[in-house]
Amino acid sequence: MPAKSTSASDQRARAGRISATLAQLYPQARISLDFNDGWQCLVATILSAQCTDERVNKVTPSLFEKIPDVAAMAGAPLEMIQELVATTGFFRQKAKSLKGAAHAIMSRFGGKVPARMEELVTLPGVGRKTANVLLGHVFGQPGLVVDTHVRRLALRLGLTKAKDPDQIELDLQKLLPTDQWTPFSMRLILHGRTVCFARAPRCESCRLLPDCPRIGVKVHVMPKGGAATRSGKKQ
């Protein structure tokens, strides 16, 4: 219907403006994990679950020194892997995923990390988020990463009504050209870390404000003598 078509067109145009503004703010759109190849990227991304990238980057040098490649990980004792990744949290499950992924890559993919979404998600510990990181940063394919920051900002910006990460990914894909999928998601993550915080977003200094409906952000109005803030406290 015409009204629906116009609405979809407006939504794409707004997403385009948001993407352009983010590109100005964060021209270098790259994941902050350190890695040299596809296997290291896979390992680092698995370890980053419920852990900061900074912490992962402190753990991986020693891990890759002692367990340098897929074959070594497949053959390493589980207890050794657990000890090396312990400080990233949930280390037992992560160690199990790393060893399982390595074994699957060796047995089913000839020791090489697969380059297709359909194959990546069959590996232990790998969901669409991790697979999209590899597609976008290793294999040069469109990959739209939906982490906790992308999920929060996509909802707050009104770019989706979904809460399921897979549906959010599909909704954002419809709004942007494929070559923007990876950089857009990386820039949303950076913006979520530096400006659009979960509890106290810095809306007053946000460059996205003209295109942001601020869905879910509560603005408290103070009585005379006090400035309005999101927390209701004077500044």
Side-chain angles (χ1 to χ4, degrees), residues 29-141 143-152 163-166 168-169 182 185-186 188-190 192-194 197-198:
R30 183 191 181 279
I31 195 169
S32 54
L33 294 169
D34 296 335
F35 57 89
N36 295 317
D37 54 36
W39 169 245
Q40 290 189 0
C41 180
L42 176 59
V43 170
T45 306
I46 289 176
L47 293 178
S48 70
Q50 303 298 312
C51 182
T52 65
D53 291 354
E54 182 181 9
R55 167 58 60 183
V56 173
N57 289 338
K58 292 180 179 179
V59 168
T60 49
S62 177
L63 175 64
F64 295 142
E65 181 181 358
K66 293 179 173 62
I67 308 177
D69 52 33
V70 181
M73 183 68 75
L78 188 60
E79 294 76 11
M80 176 184 179
I81 304 172
Q82 290 177 353
E83 182 178 349
L84 289 169
V85 305
T87 58
T88 66
F90 302 96
F91 64 92
R92 291 184 180 86
Q93 182 57 49
K94 289 180 180 179
K96 183 179 178 181
S97 294
L98 292 177
K99 187 173 178 65
H103 185 269
I105 291 170
M106 292 300 297
S107 62
R108 293 194 280 118
F109 301 106
K112 296 182 179 180
V113 178
R116 297 175 57 216
M117 171 68 74
E118 297 78 6
E119 296 172 336
L120 284 166
V121 294
T122 67
L123 301 175
V126 178
R128 292 190 64 88
K129 171 193 165 184
T130 297
N132 276 319
V133 170
L134 269 81
L135 292 179
H137 289 83
V138 176
F139 300 116
Q141 302 177 34
L144 205 156
V145 178
V146 179
D147 75 341
T148 181
H149 297 293
V150 173
R151 178 180 176 181
R152 181 178 73 254
K163 295 185 179 180
D164 175 69
D166 292 353
I168 293 173
E169 179 187 343
T182 298
S185 56
M186 292 299 105
L188 273 188
I189 291 171
L190 290 172
R193 288 175 176 172
T194 58
F197 306 123

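Quick note: numbers below take in every heavy atom, side chains included, and nothing from hydrogens, waters or symmetry partners. Positions are given from 1 along the sequence.
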[Y] side chain reached by [X] side chain, heavy atoms, under 4.5 Å:
| X | Y | answer |
| --- | --- | --- |
| F35 | V133 | no |
| L33 | H137 | no |
| V59 | L84 | no |
| V146 | K129 | no |
| M73 | I105 | no |
| I189 | V150 | yes |
| L123 | P114 | yes |

Exercise. Determine, step by step, whether F64 and N36 satisfy the side-chain contact (heavy atoms from CB on, under 4.5 Å) criterion, reporting the C-alpha distance in whole Å, the side-chain angles of both residues, the deciding distance to 0.1 Å, and the verdict.
Key: CA-CA 11 Å; F64 295 142; N36 295 317; over 6 Å; no

Practice problem: Start with the C-alpha distance between H149 and L188, add both sets of side-chain angles, then the distance that settles side-chain contact (heavy atoms from CB on, under 4.5 Å), and finish with yes or no. | Solution: CA-CA 7 Å; H149 297 293; L188 273 188; over 6 Å; no

Distance (rounded to the nearest 0.5 Å) between [X] [atom1] and [Y] [atom2]:
| X | Y | atom1 | atom2 | answer |
| --- | --- | --- | --- | --- |
| L135 | T182 | CG | OG1 | 8.0 Å |
| Q40 | D69 | CD | CG | 9.5 Å |
| Q141 | L134 | CD | CG | 10.0 Å |
| H103 | R108 | NE2 | CZ | 10.0 Å |
| F139 | C41 | CZ | SG | 8.5 Å |
| D34 | D53 | CG | CG | 9.0 Å |

If you take all heavy atoms of [X] and [Y], which pair is closest and at what distance?
| X | Y | answer |
| --- | --- | --- |
| E119 | A115 | OE1-N, 4.2 Å |
| F197 | G192 | CD2-O, 3.7 Å |
| G125 | T130 | O-OG1, 4.4 Å |
| A76 | K99 | O-NZ, 2.7 Å |
| S32 | N57 | O-ND2, 2.9 Å |
| L190 | T194 | O-OG1, 2.8 Å |

Exercise. Check the pair M117, L120 against side-chain contact (heavy atoms from CB on, under 4.5 Å), reporting the backbone distance first and the verdict last.
Key: CA-CA 5 Å; M117 171 68 74; L120 284 166; 5.5 Å; no

With sequence neighbours excluded, residues passing side chain to side chain contact (heavy atoms under 4.5 Å, CB included) with [X]:
| X | answer |
| --- | --- |
| E54 | T52, K58 |
| F90 | Q50, K94 |
| P61 | none |

Practice problem: Please say which of I46, L63, L47 ends up in a side-chain contact (heavy atoms from CB on, under 4.5 Å) with T88. | Solution: L47

Exercise. Might you confirm whether atom CZ of R193 has over 12 heavy atoms from other residues, nucleotides or ligands at distances under 6.0 Å?
Key: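 Above 12, so yes.
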
Exercise. Give a yes or no answer on whether the side chain of S97 reaches the backbone of P124 with a donor-acceptor pair at less than 3.5 Å.
Key: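 Absent.
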
Exercise. Would you sort out whether R55 and T87 count as a side-chain contact (heavy atoms from CB on, under 4.5 Å), showing the intermediate values?
Key: CA-CA 8 Å; R55 167 58 60 183; T87 58; 3.8 Å; yes

